[in-house]
Amino acid sequence: MSTGRPLRADARRNRERILRAARLAFAAEGVSVPLDEIARRAGVGPGTVHRHFPTKETLFEAVVVEHLEQLTQDAQAALQAGRPGSAFFAFLTRMTGEADTKQDLADAIAKSGAGTESTTQRAAAGLRETFAVLLERAQHVGAVRTDVDAEDVQAIVLAALTAQRQRVDTDRPDRLAGLVLDCLRPNASAAESRR
């Protein structure tokens, strides 16, 4: 909730504590965590949470926007890397690796832009634009199949997250996600066409 005025230092600290507690709670337990429980974890009263975030939906939106903005920064950093193919797959691996413990990410990816506030839509659009450039560069150097687009990759990332959650391999936690993401490599396309 924004009034147009900058927050006082103590209000800003409380807002950051609420966001941090909400991020951890939503990541571990999904969106079913009550606002009062988030207030308790943040060390503030329920009224403080409601002043900053009148509903759980607005708090969840704020957490999702923060997460999408961080992913966009990560994608922009990957664009600066010297090897587009390696940067592309490293970004996807990092994203699926951290999402394994974040139940909110799959929801954010699946729902970004659908029925969400304009702030979330803008953050999701920024991530999609940056990711499209990252994908295009990786395809240009031959590291990613040319017959996939950004929407295909989004669906494949969701499949990788689902695969990862279905089988927890403590020795190699990213193994299944890596196997799913391998379908984006050009040799996967060549092997398929030989069948």
Side-chain angles (χ1 to χ4, degrees), residues 1-79 91-135 150-162 164-165 177:
M1 185 163 89
S2 173
T3 60
R5 294 180 307 201
L7 294 173
R8 292 186 335 246
D10 61 332
R12 190 172 54 251
R13 280 191 300 273
N14 283 341
R15 186 177 195 284
E16 289 168 3
R17 289 167 65 186
I18 294 164
L19 280 170
R20 184 171 43 250
R23 188 182 326 115
L24 294 171
F26 291 148
E29 301 161 44
V31 294
S32 63
V33 182
L35 279 179
D36 288 353
E37 175 59 17
I38 291 170
R40 186 191 69 73
R41 293 179 190 191
V44 300
T48 301
V49 173
H50 287 281
R51 271 193 299 282
H52 290 281
F53 306 99
T55 66
K56 187 174 9 176
E57 289 74 23
T58 57
L59 178 55
F60 182 69
E61 289 277 344
V63 169
V64 169
V65 166
E66 180 183 69
H67 191 72
L68 290 171
E69 288 172 347
Q70 182 59 57
L71 285 174
T72 302
Q73 290 174 11
D74 292 348
Q76 288 168 344
L79 284 175
F91 173 74
L92 290 184
T93 300
R94 184 171 55 249
M95 189 168 70
T96 58
E98 74 176 34
D100 189 39
T101 58
K102 294 186 176 183
Q103 291 184 10
D104 64 339
L105 180 63
D107 291 338
I109 292 171
K111 296 177 184 173
S112 61
T116 57
E117 297 298 322
S118 61
T119 307
T120 305
Q121 292 175 7
R122 280 192 303 273
L127 176 58
R128 281 192 300 270
E129 289 170 17
T130 305
F131 182 76
V133 175
L134 188 61
L135 172 61
E151 288 185 21
D152 293 335
V153 177
Q154 178 179 335
I156 290 166
V157 167
L158 289 173
L161 295 175
T162 302
Q164 214 160 259
R165 288 189 178 126

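In this chain, numbering begins with 1 at the start of the sequence shown.
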- Which heavy atom of Ala160 sits nearest a heavy atom of Thr96, and at what distance? CB-CG2, 4.2 Å

- Item | Stepwise side chain to side chain contact (heavy atoms under 4.5 Å, CB included) test for Glu61 and Thr119 | CA-CA 8 Å; Glu61 289 277 344; Thr119 307; over 6 Å; no

- Message: Using 0.5 Å steps for rounding, measure from the CG atom of Leu68 to the CZ atom of Arg122.
- Response: 12.5 Å

- Rounded distance [0.5 Å steps], NE2 in His67 versus OG1 in Thr72: 10.0 Å

- Message: Given 3.5 Å as the limit, does a donor-acceptor pair link the side chain of Arg17 with the main chain of Ala42, or not?
- Response: yes

- Item | Heavy-atom side-chain proximity of Val153 to Leu92 below 4.5 angstrom | yes

- Message: For a 4.5 angstrom cut-off between non-hydrogen side-chain atoms, does Met95 reach Leu71?
- Response: yes

- Message: Minimum heavy-atom separation for Ala75 and Phe91, please, with both atom names.
- Response: N-CE1, 3.6 Å

- Query: With Arg40, which residues qualify under salt bridge (Lys or Arg N to Asp or Glu O under 4.0 Å), at least two apart?
  - Reply: Glu37

- Message: If we ignore hydrogens and angles and just use 3.5 Å, is the side chain of Thr58 paired with the main-chain N or O of Thr55 as donor and acceptor?
- Response: yes

- Query: Distance from His52 atom NE2 to Glu16 atom CD, nearest 0.5 Å?
  - Reply: 10.0 Å

- Atom pair CZ/CG of Arg15 and Leu59 - distance to nearest 0.5 Å: 9.0 Å

- Taking the side chain as every heavy atom from C-beta outward, state whether Val33 and Phe60 have any atom pair closer than 4.5 Å. no

- Query: At what distance, to the nearest 0.5 angstrom, does CG of Leu134 lie from CD of Gln76?
  - Reply: 10.5 Å

- Query: Can you find a pair of side-chain heavy atoms, one from Phe53 and one from Ile38, that are under 4.5 Å apart?
  - Reply: no

- Task: Applying side chain to side chain contact (heavy atoms under 4.5 Å, CB included), run through Leu24 and Arg41 and close with a yes or a no.
- Result: CA-CA 10 Å; Leu24 294 171; Arg41 293 179 190 191; 5.9 Å; no

- Query: How far apart are the closest heavy atoms of Arg128 and Gln121, and which atoms are they?
  - Reply: NH2-O, 4.4 Å

- Message: As an exercise, state the distance from CG of Leu135 to CD of Gln154, rounded to the nearest 0.5 Å.
- Response: 12.0 Å

